[in-house]
Amino acid sequence: MGEFTETIYALSSGAVPAGLAVIRVSGPKVADVMRVMVSSAVPPRSTSLRTIRTRNGAVLDNGLVLFFPGPHSFTGEDVVEFHLHGGRAVVSAVYQELSSLDGLRQAMAGEFSRRAFENGKLDLLEIEGLADLISAETEMQRRLALEYSSGGLSTLYESWSQRLTRGRALIEAELDFPDEDDVPGSVSDQVWSDMTALVSEIRQHLGMAKAGEIIRDGFKVVIAGLPNAGKSSLMNALVRRDIAIVTDIAGTTRDVLSTDLDIDGFLVKLYDTAGLRETEEVVEREGIRRARSAMEAADLVVYVEDMSAPTDERSAPSSALRVGTKSDLPAISSREYDVRISVETSAGLDQLRQAIGNRLREMVPAHSLAIPTRARHNDSLAECILAIERAIVNDHVDLDLRAEDLRMAGTALGRITGRVDVENLLDVIFGEFCIGK
Ligand SMILES: Nc1nc2c(ncn2[C@@H]2O[C@H](COP(=O)(O)OP(=O)(O)OP(=O)(O)O)[C@@H](O)[C@H]2O)c(=O)[nH]1
Ligand SMILES: [K+]
Ligand SMILES: [Mg+2]
């Protein structure tokens, strides 16, 4: 595992100025740093109020010092944290002193987490969970990230790996002792029935990938309909901000506009689009093309119709949520709508939020958050399923070839947690972090 000669430091708290600034230092020179900069020795893993000095004894600040001797630290190395007053000059003076010490340099983005990974403190799923936890904005993002960062998913994949290993061990026992009486002849039947069950569990898990994507990246709701239906007005009303231009001129919106909404703790990405109609006008036509492609990529289309205008003969996508708007005006349309609203009176807006929330929850499991969230998880899970299935169906080939497929299935799983073969992934994964994490 990792053996790092450089000692790294960075501001791990938010931007200064702030009430507090936490500077974290990790690596072999931590003991030296404390000897030079901290007024007197500190006991491990408890807070001590100390004076922080330059090597020449000039006082930099007074603050709390926390020392975590390796391997029982975040990175697995010796770590010291300075909790200082969060002023720009305080931080830059401490930075300057640290940089002047031998073997110390400023940490790069994600470098603390990377050391934690390389030293076996966290696996890749836990690292990704940590990145998600740091960037979580909604309650559901937080819960999902916590499930990952506290090892919930790692435990599940570990149990699958163990079943694969056990399957191979039983097959190998059968290969080694083919005629032995106390190894029942049905051992390999047992293996294949468990592998069949495992495939269906992994399939079910992979089936929730969409839910993971919705929680992590947001539920994409596209507002569509005829020009002047009231789409932009609706977007503004839902986010209670004046984001989109609203006029009585048909064809006002051209670009796809996007904004975030929090519904029941879920991130909802709301898109306003150009009104759908035939037109020769070049810019509007491009806007309509974009509107259609947004509708195709949507998790939900909210199809808006002006109930005070002649009905829209165009057909909304069958899965769309149909919204009749301008209910404050005399109605012409006698269509059925899922929700009737008015942005003038705010009638129906809460109901619409609820209806969007209901559609969202249909796509997300109510209980477990042990679900895949990233394309790399899905790819490896699919690869794992393929390998197990190959092993199951190839009952005419040698047992050792079938065992080899089970080994490959285990490798695919191991790549998700980072146990095997992930060097090329690391830059991408740690690139999600910023400096100090
Ligand atoms: N009375 C009333 N007028 C509304 C309501 N919603 C929108 N309007 C008006 O309808 C007109 C068109 O509204 P927009 O929100 O620009 O409609 P749009 O669908 O975004 O239009 P395009 O971007 O041109 O496709 C504006 O004059 C709005 O003020 C409503 O609930 N009640
Ligand atoms: K308009
Ligand atoms: Mg508009």
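One-based numbering, in listed order, for ligands and for the atoms of each.
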Walk me through whether Arg241 and Thr259 qualify under side-chain hydrogen bond (donor to acceptor under 3.5 Å, both in side chains). CA-CA 10 Å; Arg241 274 187 299 152; Thr259 182; 3.2 Å; yes
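Counting backbone and side-chain atoms alike, Ser232 contributes no N/O/S atom closer than 3.4 Å to the K ion (ligand 2). Taking 2.8 Å as the threshold, Ser232 counts as a candidate ligand of the Mg ion (ligand 3), since one of its N, O or S atoms lies below it. Not one N/O/S atom of Gly275, from backbone or side chain, sits under 3.4 Å from the K ion (ligand 2). Taking backbone and side chain together, Thr253 holds no N, O or S atom under 3.4 Å from the K ion (ligand 2).
Close contacts of ligand 1 with Ile249, meaning ligand atoms under 4.0 Å from a residue heavy atom, involve 24 (O). Against a heavy-atom cut-off of under 4.0 Å, Ser342 is close to the following atoms of ligand 1: 31 (O). Residue Leu329 has at least one heavy-atom neighbour below 4.0 Å for each of these atoms of ligand 1: 1 (N). Atoms of ligand 1 found under 4.0 Å from any heavy atom of Gly275, numbered from 1 in the order shown, are 25 (O).
Closest to atom 22 (P) of ligand 1 among all protein heavy atoms lies Asn228 N, 3.6 Å.
Proximity of Ala250 to ligand 1, defined as any heavy-atom pair under 4.0 Å, is confined to the backbone N, CA, C and O atoms. Only the side chain of Thr325 comes within 4.0 Å of ligand 1, counting heavy atoms alone; its backbone N, CA, C and O stay farther away.
When Gln141, Arg216, Glu147 are each tested for a side-chain contact (heavy atoms from CB on, under 4.5 Å) with Thr373, only one passes: Arg216.
Note on Arg402 versus Asp405: no salt bridge recorded, every NZ/NE/NH1/NH2 to OD/OE distance being 4.0 Å or above.
Under a cutoff of 6.0 Å and an axis angle of 45°, Arg24 and Phe112 form a cation-pi pair.
Within the set Lys326, Glu344, Arg254, Lys231, the minimum heavy-atom distance to atom 8 (N) of ligand 1 is found for Lys326. For atom 12 (C) of ligand 1, the nearest non-hydrogen atom from the set Asp248, Asp328, Thr247, Val246 comes from Thr247.
Using a distance-only test at 3.5 Å, with no hydrogens or angles considered, a donor-acceptor pair links the side chain of His205 to the main chain of Ala370.
Between Ser232 and Thr253, the side chains place a donor N or O and an acceptor N or O closer than 3.5 Å (distance only, hydrogens not considered).
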